[in-house]
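What follows is a set of notes on a single structure, which appears directly below.
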Amino acid sequence: MAEATEAGAVNEVGKKKSYHHGDLRNAIIIEATARARESGEKAIVLREIAPQIGVSATAAYRHFTNRQQLVEEVSAQGFIAMRDRVAAVAPTTATSDPVLAAYIDLRNAAIAVVRFAVDEPGWARMMLENLGTSAVVAEQAMGAREIMQAIIDRGVEHGTFIPGIRLQSQQAFWAGIDGLSAQAMFGIVHMDTPEAVAAGARTLDLCMTDMLTEQALKARDAVELPAEIITDGAL
């Protein structure tokens with residue numbers, strides 16, 4: 001049984017602080033996440049993190065027996081953050097047409113995923129590099145996909161998307177998201193310019209085409225969609 005507290009942390013006035021069971025693990029994850037967001041996976045080093053939060057390396061290794069476990073946990077937390085960002089995008093009220101609304105909502109979700117990579121390139125790169133080898137990471141990666149699948153299911157009911165579509169099999173859709181994200185993660189293109197934002201939106205529109213019914217294609221082509229996330233305002 002793990003001890004209820006772990007001593008060794010020192011606060012700003014020099015007094016010893018005790019970690020309740022579980023707090024030290026969370027403190028390690030928080031510090032490792034901050035490092036990953038700043039400098040990527042290479043910055044996650046347990047022997048450097050431990051003194052930074054005021055504990056011994058031995059105490060840190062009680063919670064993570066090796067570096068890879070911590071890397072996978074931070075990667076999993078990244079996918080939780082990505083899911084939360086996608087979930088935070090409210091359904092659009094920019095149109096009263098449910099066919100077009102479902103399209104915009106999926107487009108908004110895809111843009112939100114790409115924007116996460118733009119804003120968090122080091123973290124996102126680590127997440128992607130650990131996705132295929134870790135069950136812990138893969139489990140959390142499903143969160144954003146489940147939100148997008150729910151949008152598709154709703155869109156099928158309204159006649160937006162072709163019946164039977166499963167998101168995981170939409171290679172063109174993911175190629176658009178992953179390609180744009182990779183440009184941000186690896187610093188290939190400055191993704192914050194108006195030109196890059198417009199090109200990204202156009203890429204996603206093209207990559208979503210094969211998922212759409214004829215009715216949805218006509219509804220999309222009848223309006224000019226802004227390049228950013230669309231929540232309210234008339235089109």
Side-chain angles (χ1 to χ4, degrees), residues 24-50 52-53 57 60-89 106 108-149 166-193 196-197 199-201 203-204 207-208:
L24 177 54
R25 186 177 190 277
N26 291 334
I28 294 169
I29 293 171
I30 290 169
E31 176 63 22
T33 298
R35 285 167 167 256
R37 295 176 71 182
E38 180 68 26
S39 303
E41 181 177 330
K42 67 179 184 296
I44 298 181
V45 182
L46 264 173
R47 290 190 176 278
E48 294 178 1
I49 291 171
Q52 188 68 31
I53 61 175
Y61 276 110
R62 291 189 192 126
H63 294 275
F64 297 95
T65 57
N66 57 59
R67 176 181 178 277
Q68 184 59 27
Q69 285 185 346
L70 180 55
V71 166
E72 291 179 11
E73 182 61 41
V74 174
S75 298
Q77 292 297 318
F79 278 108
I80 292 172
M82 178 186 288
R83 177 205 65 197
D84 291 347
R85 185 175 294 205
V86 172
V89 180
L106 184 62
N108 283 347
I111 291 174
V113 172
V114 173
R115 290 304 309 177
F116 181 89
V118 172
D119 296 339
E120 302 282 359
W123 200 6
R125 179 174 176 176
M126 182 178 72
M127 291 157 53
L128 183 62
E129 289 175 343
N130 287 277
L131 177 58
T133 59
S134 168
V136 172
V137 179
E139 180 179 1
Q140 297 304 332
M142 292 301 298
R145 293 187 185 187
E146 289 171 353
I147 294 172
M148 289 191 279
Q149 183 64 54
R166 304 306 301 172
L167 192 60
Q168 64 267 26
S169 64
Q170 298 306 304
Q171 294 184 355
F173 179 71
W174 288 113
I177 291 177
D178 293 342
L180 292 168
S181 297
Q183 291 185 67
M185 288 185 288
F186 292 93
I188 299 169
V189 174
H190 279 297
M191 299 293 287
D192 279 329
T193 67
V197 172
T203 297
L204 293 173
C207 291
M208 292 172 65

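Nothing here was measured: the structure is a model prediction, and the numbers come from that model. Computed over heavy atoms, backbone and side chain alike; hydrogens, waters and symmetry mates excluded.
- Q149 places a side-chain N or O within donor-acceptor distance of the main-chain N or O of L167, the cut-off being under 3.5 Å.
- Among pairs with a residue in residues 172-189, none fulfils side-chain hydrogen bond (donor to acceptor under 3.5 Å, both in side chains), at least two apart in sequence or across chains.
- From Y61, atom OH reaches atom CG of N66 across 8.5 Å, with rounding to the nearest 0.5 Å.
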So I111 and V89, side-chain contact (heavy atoms from CB on, under 4.5 Å) or not? Walk me through it.
CA-CA 10 Å; I111 291 174; V89 180; over 6 Å; no
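- Here the closest non-hydrogen pair linking M191 and V118 is CB-CG2, 3.7 Å.
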For M127 and E120, run side-chain contact (heavy atoms from CB on, under 4.5 Å): C-alpha distance rounded to whole Å, both residues' side-chain angles, the deciding distance at 0.1 Å, then the answer.
CA-CA 10 Å; M127 291 157 53; E120 302 282 359; over 6 Å; no
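- The shortest heavy-atom contact between I188 and A182 is CD1-O, 4.0 Å.
- Contact record, A81 with W123: CB-CH2, 3.9 Å, taken as the closest heavy-atom pair.
- In terms of heavy atoms, G176 sits closest to T203 at CA-CG2, 4.2 Å.
- At distances below 3.5 Å, not a single donor-acceptor pair connects side-chain atoms of R67 with backbone N or O atoms of L46.
- Here the CZ-CZ distance, from R115 to R85, works out to 8.0 Å after rounding to the nearest 0.5 Å.
- Shown here for A138 and L131, the closest heavy-atom pair between the two residues is CA-CD1, 3.8 Å.
- I29 CD1 to I49 CD1: the interatomic distance, rounded to the nearest 0.5 Å, is 10.5 Å.
- Put simply, CG on N130 and CZ on F79 are 9.0 Å apart, with the number rounded to the nearest 0.5 Å.
- When only modelled atom types and interatomic distance are considered, E73 and Q77 share a side-chain donor-acceptor pair under 3.5 Å.
- Note that CD1 of I80 is 9.0 Å distant from CD of E139, once rounded to the nearest 0.5 Å.
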Stepwise side-chain contact (heavy atoms from CB on, under 4.5 Å) check, I44 with M126
CA-CA 11 Å; I44 298 181; M126 182 178 72; 3.7 Å; yes
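- Other residues, nucleotides and ligands place no more than 12 heavy atoms under 6.0 Å from the CD atom of E38.
- Sorted pairs that involve residues 74-84 and meet salt bridge (charged side-chain N to carboxylate O under 4.0 Å, His left out), not counting sequence neighbours, are lacking altogether.
- More than 12 heavy-atom neighbours from other residues, nucleotides or ligands sit within 6.0 angstrom of CD on Q68.
- L70 has its side chain out of reach of H63: every pair of non-hydrogen atoms, C-beta onward, lies at least 4.5 Å apart.
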side-chain contact (heavy atoms from CB on, under 4.5 Å) assessment of R35 paired with V74
CA-CA 10 Å; R35 285 167 167 256; V74 174; over 6 Å; no
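- Under the 4.5 Å side-chain criterion, counting only non-hydrogen atoms from C-beta, I53 is not in contact with I30.
- Of all heavy-atom pairs spanning A60 and A50, the tightest one is CB-CB, 4.0 Å.
- Looking at R125, its side chain never comes within 3.5 Å of a backbone N or O of M185 through a donor-acceptor pair.
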